[in-house]
Amino acid sequence: MKRFPAITANPKVASFRSIPAATQPWKESGSPWKSTLFRLLQSHEIDEAARFFARIPSPGVQLYTMMINGYCRINRLDQAFRLFERMPARDAAAWNSMIKAALDCGELDLGRKLFDEMPGRNVISWTTMVNGLSQFGRVDAAEDLFFRMPLRDTAAWNAMISAYCDNGRVADARSMFDKMPQPNLISWTAMIGGHDQNGESDKALCLFSELWMTRMKLTPRTYACILTVCANASELQLGIQLHAHLVRTSYSLDPFVSTSLVNLYAKCKQIEDSSKLFTEKQEKDVVSWTALITGYGLNDRHEDALKEFDKMTASPVRPNQSTFTSALNSCCGLQALERGKKIHATTVKLGLDLDMFVKNSLIVLYSKCGDIDDSLTLFNCMDRRNLVSWNSIIMGCAQNGYGSFAIELFDDMTKLNVQPDEITYTGLLTACSHSRMLEKGRNIFHMLERDPSVEVKLEHYSCMVDILGRCAMFEEAEELIRNMPMEPNATIWLALLSACRIHANIEVARRISKKVFDIDPENSATYVLLSNIYASAGQWNDVSQTRLMMRSRGITKVPAASWITLKGMRHEFVCGDRSHPMATEVYKKLDWLVGKLKELGYIHDTRFALHDVDDEQKEAVLAYHSEKLALAFGLISTVEGMGFVLVEIAGDLGCVGGAFAAQLGGSGDDGQEHGLRHRRERAFSSPSTCNYTEPSYTAVKVAP
DNA sequence: GTAGGGTTAG
């Protein structure tokens, strides 16, 4: 019985024809050498295998081919080729193995040359070549070859379906799948996986239900693929049903299936189940461990993610670039720059720092932690960049106040013909809002509206409202919101409300706060903002009414906090906090620092003091702002004289500081965490008061 | 167990 009913050529016959008759005696079936050579090659003892091979008197074509495949697996193309040339005779399998070796080792031209020269090409030769062309992204050439094939069996169709899927042409793959004569389980699995990997998990699920109805017997390979679809589509219920079925059939013990299950539960926010399955898993390899680490990150359990990463590095399992990407993302989530730097050092040790995905994660880590200089250095040193690299650095510059530079980077990117996506535009609009570039912001928004390959999202409107609001263009901002194609959410109104705070626009604030109360009455930010707006205008009645409303609805505000990480320990402070064991010393140091700043001419900007108190008291509140407490603690806990302490005055945060050799972080009214900027060895400059554009810096020399 | 097509993390 034929395995594939659609087979129209018998490859065995073709290969037999291509062997010269004189070589037949070598092709003995029960070669005594074969099993030993096979065992050595299986256990990757290629050099031992080569020594063994050298001792075989006149080895047959099969043994040569086995050696060629062995060399191919470890990328030793030259040695494979030398053997191929030495072969006394070559059959189709030998040629096909050599073509595959060339293609797998990155030599497309050699592979093609061998294919063209090969006598008696069979269907496997053509399929190998189609697959090779696809791996080099040459899907058009693969397609051309596929249609020129003299005979096509199911495997050939499958290769072409995969070629389309792997090169983003999933619709072509699907039309091929729909019209192929005899799809088998491999075809179904390739097509389901192809939909999923091209962001069409819904279509993948539909196709799976069709497959299920065929009552075909599925293998662990197909199950592993389906479980991934469930994970990407957040189809936990289906995933659980499949899991039960897999336990009954013992397929759940398959290493691929069990890894898919770890991933499924992690992506569906069932991280405890995911962790349990990982613990029960027999072989903990790099893929499953990375799935778990990534899972902790997705579930905002960054500390646990790094704990797992540490466990893994202490084990014999070697992390790879994907593991590092996930670990670095968790450092980013914790604003743990020092830890991230240690992990960065490990990537260098393992030679993985050159990987583009690792580099991208590092760019995000450094810029999110306020170290835009190092982030830029990394970006500039990249030999290859993808869209994620550009988006990361543009957003990094935007968030660190280098708005104009972010725009310049975008110009560089377009000159290199890199097409922007939604995230690029968000980065650009963020740049305009943080650096108060109104005209630029309008231009970019128009560019976004005209870009046919990008959909204008809610977050883009939110950024644009922010830009207009910061520049006091209230009418234009409200008009933009009115004309939006989707319903505005609370974030958009809050962007406008915070503009009202900056520009003390009580009229607009009163009107729009009603809208936010309707959409999201639980959001404490609205009450706090509104109360502050009234406070800055001295309307104390409205202030107390707002606070009363907040209290009566049982809404509490999580106080903004700042922290400093020293020697891996996180020390957290809130405004006026005296609970820290070193509080007395902290306050003493802070008073000293404030004195120094005053000598230099620094004036507190008291416009945003939120309390019903006079100016002197407002200043006291601002002076013991949580960020400053964290900074002062950093000063007394690090060796004095080891560098400059930099005090940065930027944005509407008032005074933000950072200490050399320590890392500061904080969380604001919105509960969002941010890395406070810190710089090293900046020139001593005169202090300035609050501005809203590029940040300016003041350096204070720490007394030795 | 000489050669081609589908499986897990990012």
Side-chain angles (χ1 to χ4, degrees), chain A residues 4 11-12 14-15 27 31 34-39 41-42 59-70 72 87 90-101 103 118 122-132 134 152-163 165 183-194 218-229 231 251 254-264 266-267 278 281 285-295 297-298 319-329 355-358 360-361 388:
Chain A
F4 304 126
K12 287 245 163 64
S15 65
K27 218 186 160 199
S31 165
K34 209 158 93 181
S35 62
T36 311
L37 191 64
F38 176 79
R39 188 175 44 77
L41 290 169
Q42 276 295 86
V61 183
Q62 282 190 29
L63 299 184
Y64 269 101
T65 308
M66 281 167 77
M67 279 305 294
I68 289 173
N69 293 325
C72 169
M87 286 177 81
R90 304 176 191 115
D91 61 3
W95 277 96
N96 291 340
S97 296
M98 195 57 233
I99 293 169
K100 184 168 160 43
L103 295 169
M118 176 177 172
N122 60 20
V123 66
I124 299 179
S125 327
W126 287 84
T127 310
T128 305
M129 202 59 221
V130 165
N131 186 37
S134 163
R152 282 181 282 273
D153 61 8
T154 301
W157 286 86
N158 292 346
M160 198 57 229
I161 287 172
S162 297
C165 290
N184 60 11
L185 184 61
I186 297 178
S187 327
W188 284 88
T189 311
M191 199 58 240
I192 291 170
L218 308 187
T219 59
R221 283 189 171 205
T222 306
Y223 281 116
C225 171
I226 303 300
L227 289 171
T228 304
V229 176
Y251 280 172
D254 175 90
F256 284 87
V257 169
S258 55
T259 302
S260 294
L261 285 166
V262 170
N263 180 47
L264 167 78
K267 290 249 170 76
F278 176 77
K281 195 167 154 36
D285 63 353
V286 59
V287 178
S288 51
W289 224 325
T290 304
L292 181 68
I293 293 169
T294 313
L298 289 171
N320 65 14
Q321 54 272 52
S322 304
T323 324
F324 280 106
T325 303
S326 298
L328 289 167
N329 287 344
D355 180 84
M356 190 164 43
F357 292 86
V358 172
N360 291 346
S361 301
V388 177

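Residue numbering restarts at 1 for every chain, and letters A, B, ... go by the order of the sequence lines.
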Practice task
May I ask you to say what Ser288(A) touches in the nucleic acid, namely base, sugar-phosphate or nothing, with a heavy-atom cut-off under 4.0 Å?
Solution key: nothing
Exercise for the section: Using a 4.0 Å heavy-atom cut-off across all strands, classify Ser187(A) as base, sugar-phosphate, or nothing. Expected result: nothing
Practice task
Indicate, with a heavy-atom threshold strictly under 4.0 Å, whether Ala156(A) touches base, sugar-phosphate, or nothing.
Solution key: base
Exercise for the section: Select base, sugar-phosphate, or nothing to describe what Leu185(A) touches, counting heavy atoms under 4.0 Å on all strands. Expected result: base
Problem - Residue-phosphate contact under 4.0 Å: Asn131(A) side-chain N/O, dG5(B) OP1/OP2 - result: yes
Practice task
Please identify each residue that fulfils side-chain contact (heavy atoms from CB on, under 4.5 Å) with Ser288(A), with sequence neighbours left out.
Solution key: Thr259(A), Phe278(A), Lys281(A), Asp285(A)
Exercise for the section: Decide whether Asn184(A) and Ser187(A) meet the rule of one side-chain donor and one side-chain acceptor closer than 3.5 Å. Expected result: yes
Exercise for the section: Using distance alone, with no hydrogens and no angle criterion, decide if Ser125(A) and Asn122(A) have a side-chain donor and acceptor under 3.5 Å apart. Expected result: yes
Completion exercise
Whole-Å distance, Leu264(A) CG to dA9(B) C1', equals 14 Å
Practice task
Indicate, with a heavy-atom threshold strictly under 4.0 Å, whether Ser35(A) touches base, sugar-phosphate, or nothing.
Solution key: base
Practice task
Measure from CE on Met191(A) to C1' on dT7(B) and round the result to the nearest Å.
Solution key: 16 Å
Practice task
Scan Thr222(A) against the nucleic acid and name what it touches under 4.0 Å (heavy atoms): base, sugar-phosphate only, or nothing.
Solution key: base
Practice task
Using whole Å, report how far CG of Asn69(A) lies from P of dA3(B).
Solution key: 6 Å
Practice task
Quickly work out the Ile293(A) CD1 to dA9(B) P distance and round it to whole Å.
Solution key: 15 Å
Handout entry: OP1 or OP2 of dA9(B) under 4.0 Å from side-chain N/O of Asn263(A)
Key = yes
Practice task
Round to the nearest Å and state the distance from Lys281(A) atom NZ to dA9(B) atom C1'.
Solution key: 11 Å
Problem - Length of the line joining Asn329(A):CG and dA9(B):C1', which is rounded to integer Å - result: 13 Å
Handout entry: Stacking check Phe256(A) vs dT8(B) (5.5 Å / 30 deg)
Key = no
Practice task
Please state whether the phosphate of dT8(B), meaning OP1 or OP2, lies under 4.0 angstrom from any side-chain nitrogen or oxygen of Lys267(A).
Solution key: no
Handout entry: Short side-chain N/O contact from Thr228(A) to OP1 or OP2 of dA9(B), under 4.0 Å
Key = yes
Handout entry: Rounded interatomic separation in angstrom, taking CG from Leu227(A) and P from dA9(B)
Key = 10 Å
Exercise answer: donor-acceptor pairs, residues 219-229 of chain A side-chain atoms, under 3.5 Å, sequence neighbours excluded:
residue	atom	partner	partner atom	Å
Thr222(A)	OG1	Thr189(A)	OG1	3.0
Tyr223(A)	OH	His245(A)	NE2	3.0
Thr228(A)	OG1	Ala224(A)	O	3.0

Problem - Test item: Leu103(A) and Met129(A) side chains (from C-beta on) under 4.5 Å apart, heavy atoms - result: yes
